[in-house]
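Since we're looking at a predicted model, the values are computed, not measured.
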Amino acid sequence: MSNLKTIKSEIDNYANSSKLTGLQIVEKLEKHYFNKKVNENLKLYKKGKKKVSDITKDLKISPRKFYAILKEKKIEHKKYNKQ
């Protein structure tokens, strides 16, 4: 519990010294750690060691969003025909 208090106090100190609110800081941290996790999973995906279903469960995102991330980062993936 004391670790959480130190994190809160650090965020408050940073919010006071910058022009950001505490919520904006937390959102930036969330985005940073999400991107970090995505990059780790993309490395495993490129090597073929992790499947899309496992990655989407791990990141708690939809497969469409994952494929959008792949397209954004210009990583090739298989496209399946619905017919």
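Here ring pair (Phe, Tyr, Trp, His ring centres under 6.0 Å) pairs that include residues 37-66, with residues two or more places apart or in two chains, are Tyr45-Phe66.
Side-chain atoms of Ile61 and Val38, non-hydrogen and from C-beta on, never get closer than 4.5 Å to each other. Side-chain atoms of Lys51 and Ile55, non-hydrogen and from C-beta on, never get closer than 4.5 Å to each other.
The distance from the NZ atom of Lys37 to the CG atom of Leu59 is 7.0 Å, given to the nearest 0.5 Å. Remark: His32 NE2 to Glu27 CD distance equals 15.5 Å, nearest 0.5 Å. With rounding to the nearest 0.5 angstrom, the NZ atom of Lys46 is 11.0 Å from the CD atom of Glu76.
Asp58 pairs by the side-chain hydrogen bond (donor to acceptor under 3.5 Å, both in side chains) definition with Asn41, Lys50, not counting sequence neighbours. For the side-chain contact (heavy atoms from CB on, under 4.5 Å) test, residues two or more places apart in sequence or in another chain that qualify with Gln24 are Leu20, Thr21. Partners of Ser17 under the side-chain contact (heavy atoms from CB on, under 4.5 Å) rule, at least two apart in sequence or in another chain, are Tyr14. For Ile7, the side-chain contact (heavy atoms from CB on, under 4.5 Å) criterion is met by Ile11, not counting sequence neighbours. Scored by the side-chain contact (heavy atoms from CB on, under 4.5 Å) test, Asn13 finds no partners at all (sequence neighbours excluded). Not counting sequence neighbours, the partners of Asn39 by the side-chain hydrogen bond (donor to acceptor under 3.5 Å, both in side chains) test are Lys73. Residues that satisfy the side-chain hydrogen bond (donor to acceptor under 3.5 Å, both in side chains) test with Lys36, not counting sequence neighbours, are absent from this structure.
Taking each heavy atom of Ala15 and Gly22 in turn, the nearest pair found is CB-N, 4.2 Å.
Hydrophobic clustering, with ILVMFWY side chains joined whenever heavy atoms are under 4.5 angstrom apart, keeps Phe34 apart from Val26. Note on Tyr67 and Ile75: same hydrophobic cluster, where clusters join Ile, Leu, Val, Met, Phe, Trp and Tyr whose side-chain heavy atoms are under 4.5 Å apart, directly or indirectly. Grouping the Ile, Leu, Val, Met, Phe, Trp and Tyr side chains by contacts below 4.5 angstrom, directly or via other members, places Tyr33 with Ile25.
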Does the pair Leu70 and Val52 meet the rule for a side chain to side chain contact (heavy atoms under 4.5 Å, CB included), with working shown? CA-CA 11 Å; Leu70 289 177; Val52 174; 5.5 Å; no
